[in-house]
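Before any comments, here is the structure.
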Amino acid sequence: MADKIKDTKIIFVVGGPGSGKGTQCEKVVAKYGYTHLSSGDLLRAEVASGSERGKTLQAIMQKGELVPLDTVLDMIKDAMIAKVDVSKGFLIDGYPREVKQGEEFEKKIGAPCLLLYIDAKGETMVKRLMKRGETSGRADDNEETIKKRLDLYYKATEPVIAFYSSRGIVRKIDSELPVDEVFGHVAKAIDGLK
Ligand SMILES: Nc1ncnc2c1ncn2[C@H]1C[C@H](O)[C@@H](COP(=O)(O)OP(=O)(O)O)O1
Ligand SMILES: [Mg+2]
């Protein structure tokens, strides 16, 4: 795993809930053929499977809390292993949620070459999530859980950005702009990779 991963780009996509991570990742997949792994989507798939593990996860996610570190990391790692032979790069969307998750990822998988920091204002994220909640069917897209997710984002995830900034791999993307303009900046950051 470690050997194969060495030649594959790993990009962390970090931002608050509703900032537009998933939207931008889809566009990166279309243009660059990277593999998009959303930690939230992986977890929701586990919930949908109806497994015992899924039931435990659902209760945690419904409260807007973080699921245990090892669970998410194992799921991401399995998904990466499944794709490593055919993948030009990996977009790790919504992970790390806290500095410790980043450290564990690097120990078990590898180092990111870029962190895309998808940045939107708190009020913008709430607005987008409330709108998404009308159709997403996501148990956590409701006002009460959104508030908890935002609080946790500011407390746990913003330190992740500071942590990787010191390494010089963070590109801050203004996600208040229209989707295509945001993507213009995302593409520039990816094109800048060696
Ligand atoms: N730049 C942008 N302008 C307007 N709406 C946007 C946007 N980026 C995303 N959205 C919309 C699409 C979704 O309904 C909602 C949340 O986007 P998302 O990609 O699902 O966010 P995330 O994956 O970060 O939670 O906001
Ligand atoms: Mg998402």
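Side chains are part of it too, since the values below use all heavy atoms of this structure and drop only hydrogens, waters and symmetry mates. Because the structure is predicted, anything quoted here is derived from the model rather than measured.
- Checked for salt-bridge contact, D151 and K155 miss the test: no charged N lies under 4.0 Å from a carboxylate O.
- When hydrophobic clusters are built by joining Ile, Leu, Val, Met, Phe, Trp and Tyr residues whose side-chain heavy atoms come closer than 4.5 Å, directly or via intermediates, V72 is grouped together with V160.
- No donor-acceptor distance shorter than 3.5 angstrom exists from the side chain of T71 to the backbone of V67, with no hydrogens or angles considered.
- Take D74 and apply the side-chain contact (heavy atoms from CB on, under 4.5 Å) test, not counting sequence neighbours, and it matches no residue.
- Heavy atoms only, all atoms of each residue included: R128 and S19 are closest at NH1-O, 3.0 Å.
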Exercise. Start with the C-alpha distance between L73 and I109, add both sets of side-chain angles, then the distance that settles side chain to side chain contact (heavy atoms under 4.5 Å, CB included), and finish with yes or no.
Key: CA-CA 9 Å; L73 191 54; I109 300 172; 3.9 Å; yes
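- Across all non-hydrogen atoms, the minimal contact from Y153 to P17 is CB-CD, 4.0 Å.
- Residues M75 and R53 are in side-chain contact: their nearest non-hydrogen atoms beyond the backbone lie under 4.5 Å apart.
- Taking a cutoff of 4.0 Å between a charged side-chain nitrogen and a carboxylate oxygen, E104 and K100 qualify as a salt bridge.
- Linking Ile, Leu, Val, Met, Phe, Trp and Tyr residues whenever their side-chain heavy atoms come within less than 4.5 Å places L150 and I161 in a single cluster.
- Using modelled atom types, no side-chain atom of R138 and backbone atom of G133 make a donor-acceptor pair closer than 3.5 Å.
- Taking all atoms of both residues into account, the shortest heavy-atom contact from M125 to A120 is CE-O, 3.4 Å.
- R167 has a carboxylate O that lies under 4.0 Å from a charged side-chain N of E106, or vice versa, which qualifies the two as a salt bridge.
- The CD1 atom of I169 lies 10.0 Å from the CD1 atom of I11; values are rounded to the nearest 0.5 Å.
- Here R132 pairs with D141 under the side chain to side chain donor-acceptor pair (under 3.5 Å) rule; sequence neighbours left out.
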Under 3.5 Å, sequence neighbours excluded: what are the donor-acceptor pairs made by side chains of residues 79-91?
| unit_1 | atom_1 | unit_2 | atom_2 | d |
| --- | --- | --- | --- | --- |
| D85 | OD1 | K4 | NZ | 3.3 |
| S87 | OG | T35 | OG1 | 2.6 |
| S87 | OG | G89 | O | 2.9 |
| K88 | NZ | Y32 | O | 3.3 |

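- There is a path of hydrophobic side-chain contacts, each under 4.5 Å, that joins L129 to L43.
- Between T157 and L152 there is no side-chain heavy-atom pair separated by less than 4.5 Å.
- Contact of the I60 side chain with the P68 side chain is registered, since non-hydrogen atoms from C-beta on lie closer than 4.5 Å.
- Taken to the nearest 0.5 Å, the CG atom of L37 stands 10.5 Å off from the CD1 atom of I10.
- The hydrophobic cluster containing F105 also contains V170, counting ILVMFWY residues as joined when their side-chain heavy atoms lie under 4.5 angstrom apart, directly or transitively.
- Residue pairs meeting the ring-ring contact (aromatic ring centres under 6.0 Å, His included) criterion with at least one partner in residues 44-76, sequence neighbours excluded, do not occur; the list is empty.
- Among all heavy-atom pairs drawn from K21 and G16, the shortest one is NZ-O, 2.9 Å.
- For residues 184-194, the set of pairs meeting the salt bridge (Lys or Arg N to Asp or Glu O under 4.0 Å) definition, not counting sequence neighbours, is empty.
- With sequence neighbours left out, E134 forms a side-chain contact (heavy atoms from CB on, under 4.5 Å) with K131.
- Under a 3.5 Å cut-off, the side chain of K148 and the backbone N or O of G64 do not form any donor-acceptor pair.
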Practice problem: List the steps and the verdict of side chain to side chain contact (heavy atoms under 4.5 Å, CB included) for V14 and L116. | Solution: CA-CA 6 Å; V14 176; L116 290 171; over 6 Å; no
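- Atom-to-atom distance recorded for I92:CD1 and L115:CG is 11.5 Å, nearest 0.5 angstrom.
- By the side chain to side chain donor-acceptor pair (under 3.5 Å) test, E144 is found to be paired with no residue, residues two or more places apart in sequence or in another chain being considered.
- At a threshold of 4.5 Å between side-chain heavy atoms, the hydrophobic network of Ile, Leu, Val, Met, Phe, Trp and Tyr places V13 and L177 in one connected group.
- Applying the side-chain contact (heavy atoms from CB on, under 4.5 Å) rule to Q101 yields the partners L69, Y95, P96, R97, E98; only residues at least two apart in sequence or on another chain are considered.
- Separation of atoms NZ (K121) and OG (S175) is listed at 12.0 Å; rounding is to 0.5 Å.
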Exercise. Test T124 against E176 for side chain to side chain contact (heavy atoms under 4.5 Å, CB included), laying out the working first.
Key: CA-CA 8 Å; T124 303; E176 292 287 331; 2.8 Å; yes
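- Exactly one of I118, V182, V179 qualifies for a side-chain contact (heavy atoms from CB on, under 4.5 Å) with T23. That residue is V179.
- For the pair F163/E103, a side-chain contact is recorded, criterion being any heavy-atom separation below 4.5 Å from C-beta on.
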Quiz prompt | Pair K9-I190, side chain to side chain contact (heavy atoms under 4.5 Å, CB included): steps then yes or no | solution = CA-CA 10 Å; K9 292 190 171 74; I190 294 177; over 6 Å; no
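- N142 pairs by the side chain to side chain donor-acceptor pair (under 3.5 Å) definition with T145, not counting sequence neighbours.
- The side chain to side chain donor-acceptor pair (under 3.5 Å) test applied to Y117 returns D119, not counting sequence neighbours.
- With values rounded to the nearest 0.5 angstrom, D78 atom CG is found 9.5 Å from L42 atom CG.
- For S38, the side-chain contact (heavy atoms from CB on, under 4.5 Å) criterion is met by H36, D41, R44, D93, not counting sequence neighbours.
- Inter-residue side-chain proximity for Q58 and M61 is flagged as unmet; no heavy-atom pair is nearer than 4.5 Å.
- Pairs passing the ring-ring contact (aromatic ring centres under 6.0 Å, His included) check and including a residue from residues 164-194, sequence neighbours excluded, read F12-Y164.
- Using a 4.5 Å cut-off on side-chain heavy atoms (C-beta onward), D140 and Q62 make no contact.
- A salt bridge between K27 and D180 is present, with a side-chain N of the basic residue lying under 4.0 Å from a carboxylate O of the acidic one.
- Note that the OG1 atom of T8 and the OH atom of Y34 stand 10.0 Å from one another [nearest 0.5 Å].
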